[in-house]
Amino acid sequence: MYTTDIPLSPVSPSATHLSTYPAAALILSAAHARQFPADTGVEVAFAGRSNSGKSSAINAITGKRGLARTSKTPGRTRLLNFFQLAAGCRIVDLPGYGYAEASAAERATWAPMTTALAQRASLRGLFLMIDSRRGVLEGDDGLIAWAESAGCAVHVLFTKVDKMRRAELATAMALARRTLGTRATLQAFSASDGTGIEEARRQLHRWFQAPVAVGAAP
Ligand code: GDP
């Protein structure tokens, strides 16, 4: 099921429009850390509250319509879904949080997996989706703390900005920036009208290109 033969999309250094990942595919849905793919290459996590626009963001950034829908099929929403975008380049889609129906028991099954994920040498960054109309909420803070424990950077996508008026958005972004401080970078994003998709691709590309940490697995 785990394939490694997907070619890296060519990206010209002068290109303003970064390549998408047409060969992106789900490689596995893990219910336990022992099922994770080999800890090699580079991995970037995607997380956010349920309904924050995470699936739409994954589809928009990869340029592969319907890719993250596979994470939403019954039985997969509570798993860690690993997608391979190119050789040695993966994203991992974490379960959406913030809904009351995610029971304490379910959260207890995620905790060991997210703890194990944080220890992987391949984990390079976290994209955190935050609905721009809701702002930074408690669970978001927990994910940032998780990324800090993993020693990886956090880039927040302030989602669904097409629904905000310009002045409202400026105020909400200023507040979010104050709340996040130096713990995360922040950008406006809309899967619907395309705002920030290229900027998010550049961030993903930077993480995929980042050298492996000293002492980490190749
Ligand atoms: P997830 O639960 O975090 O994976 O969120 P989804 O990507 O499934 O999106 C949740 C809802 O928000 C869906 O109805 C989407 O159509 C909608 N949505 C997602 N992104 C955007 C966006 O950029 N703009 C608008 N207006 N709606 C969006």
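Numbering of ligands and ligand atoms starts at 1, following listing order. Throughout, numbering of the chain's residues begins at 1 and tracks the sequence.
- Side chains of Thr62 and Leu204 form no contact here, defined as non-hydrogen atoms less than 4.5 Å apart.
- Side-chain contact annotation: Ser29 with Asn81, donor-acceptor N/O pair under 3.5 Å present.
- Counting heavy atoms from C-beta on, the side chains of Val44 and Leu85 never come closer than 4.5 Å.
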Derivation and outcome, salt bridge (charged side-chain N to carboxylate O under 4.0 Å, His left out), residues Lys54 and Asp93: CA-CA 9 Å; Lys54 175 164 59 81; Asp93 183 9; 2.5 Å; yes

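- Closer than 4.0 angstrom to ligand 1 sit non-hydrogen atoms from Arg49, Ser50, Asn51, Ser52, Gly53, Lys54, Ser55, Ser56, Lys72, Lys160, Asp162, Lys163, Ser190, Ala191, Ser192.
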After noting the C-alpha distance and the side-chain angles of Phe83 and Lys64, does the key distance pass the side-chain contact (heavy atoms from CB on, under 4.5 Å) rule? CA-CA 12 Å; Phe83 299 89; Lys64 185 128 186 208; over 6 Å; no

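- Two residues are said to be in side-chain contact when any heavy atoms from C-beta on lie closer than 4.5 Å; Phe36 and Met113 meet this criterion.
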